Novice: 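Sharing a structure below in structure tokens format, with a few things to ask.
Sequence lines set the chain letters: A, B, ... in the order given, protein chains first and strands last, and positions in each chain run from 1. All values reported here derive from a predicted model rather than from experimental measurement.
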Amino acid sequence: MCMNHNSVAITVTSGKGGVGKTTTVASVGLGLAQLGYKVCLVDTDIGLRKLDLMLGLENRIVYDIVDVIEGVSKLRQSLVRHKEYPDLALLPAAQTRYKEEVSPSQIKQVVDELRQEFDYILIDSPAGIEGGFRNAIAPADRAILVVNPEIPSVRDSDRVIGLLESANLTKIDLVVNRVQPGMVRDGDMLSVERVQSHLAINLLGVVPEDKRIIRSSNTGEPVILDSKSLAGKAFSNIARRLTGEEVPFLDLESPTLINRIKRLFHIA
Amino acid sequence: MFGREKEEPTATKADDRLALVLSYQRSDIDERKIKLFQERLVQLCDEFGYDVVGQITVIPQSKERTTIINASIPVKLKEPI
């Protein structure tokens, strides 16, 4: 098989559900496409697909990854191209099948075929550490761990790091999502530094909590396209860092006059 | 200021709790294992000529991705018979 040797397969995972894996895949994938790379997003959450909704491509799906594996369709037929960014493609998950119906080696085979065309293959992992997770990590060259700054999320992520390492996947980067600087400042949320210190992996990005993300998932336009969104800017920076560019982290601290006065009187 | 004591931030407590939670998970340790560990430490002290004179505490702690098991054993030398 003729492989694109520069092709990189990255699994985005977390352990715990609802931390922002799919949001990260959609926005970082789009960010890489904006930078001129050929990108394929693979949804491995068979039975509970979401990535199509995040990208606004749900009405254009004809075939899915299970169809490819079962030989019902060819890989090219199953890819859904983004209208605005044709270098961005989605390989959707099946919505009416089960994760157990495919194996890690079958997913790996599909991703190996995608390597011929795409520079980056981002694999959206389902929550949990069962079969779906094993499917998602099988083809990966590296992993991105999405974590929220709260104990349940960090504990699950710590477990996932152990599982990734035992699968010989040692290039693992951290994205801390849904950070609320005000809560960190008030001592009500774990800081990014503490989360990174506990997990002891490379920090790839810090994404602030942003109401615009809810809007974007409802409209099917990834938040990276929202020029007013700080989270969108953070995802854009993550995409650039993935390509090797050195990008400083966003300053999420924007002290208001009220906050300054509160701190002066030790009431915040 | 204004005589108010500033409360300890919640996140500091959460950080300590997280350290403990992670160290338990990483070392696959539970209360039963800690109890067995404590019993063996009493035996070990006995072999080396010490009496354990108080509560032994065994606390796993995490630093980076390494777990450190801290044992606090109050002892005194055995009285010569």
Novice: Should we count NZ of B:K78 as having more than 12 external heavy atoms under 6.0 Å?
Specialist: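 More than 12 heavy atoms, drawn from other residues, nucleotides or ligands, come within 6.0 Å of this atom.
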
Novice: Does a sphere of radius 6.0 Å around CZ in A:F249 hold more than 12 heavy atoms from other residues, nucleotides or ligands, not counting ones at 6.0 Å or beyond?
Specialist: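 Above 12, so yes.
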
Novice: More than 12 heavy atoms of other residues, nucleotides or ligands under 6.0 Å from CZ of A:R159: is that the case?
Specialist: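 Counting other residues, nucleotides and ligands, CZ of A:R159 stays at 12 neighbours or fewer.
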
Novice: Within this structure, what is the CG-CZ distance for the pair B:D15 and A:R194, rounded to the nearest 0.5 Å?
Specialist: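 With rounding to 0.5 Å, CG (B:D15) is 4.0 Å from CZ (A:R194).
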
Novice: Give, for atom CZ of B:R26 and atom CD1 of A:I161, the distance between the pair rounded to the nearest 0.5 Å.
Specialist: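 Taking CZ in B:R26 and CD1 in A:I161, the distance rounds to 7.5 Å.
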
Novice: Under 3.5 Å, side chain of B:Q25 to main-chain N/O of A:R155, donor-acceptor pair present?
Specialist: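 Here the side-chain-to-backbone pair exists.
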
Novice: Any chance CZ of B:R17 has more than 12 other-residue heavy atoms, nucleotides or ligands included, within less than 6.0 Å?
Specialist: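 Open: at most 12 neighbouring heavy atoms sit under 6.0 Å from CZ of B:R17.
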
Novice: How long is the span from the OG1 atom in B:T10 to the CE atom in A:M183, to the nearest 0.5 Å?
Specialist: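 It is 8.0 Å, given to the nearest 0.5 Å.
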
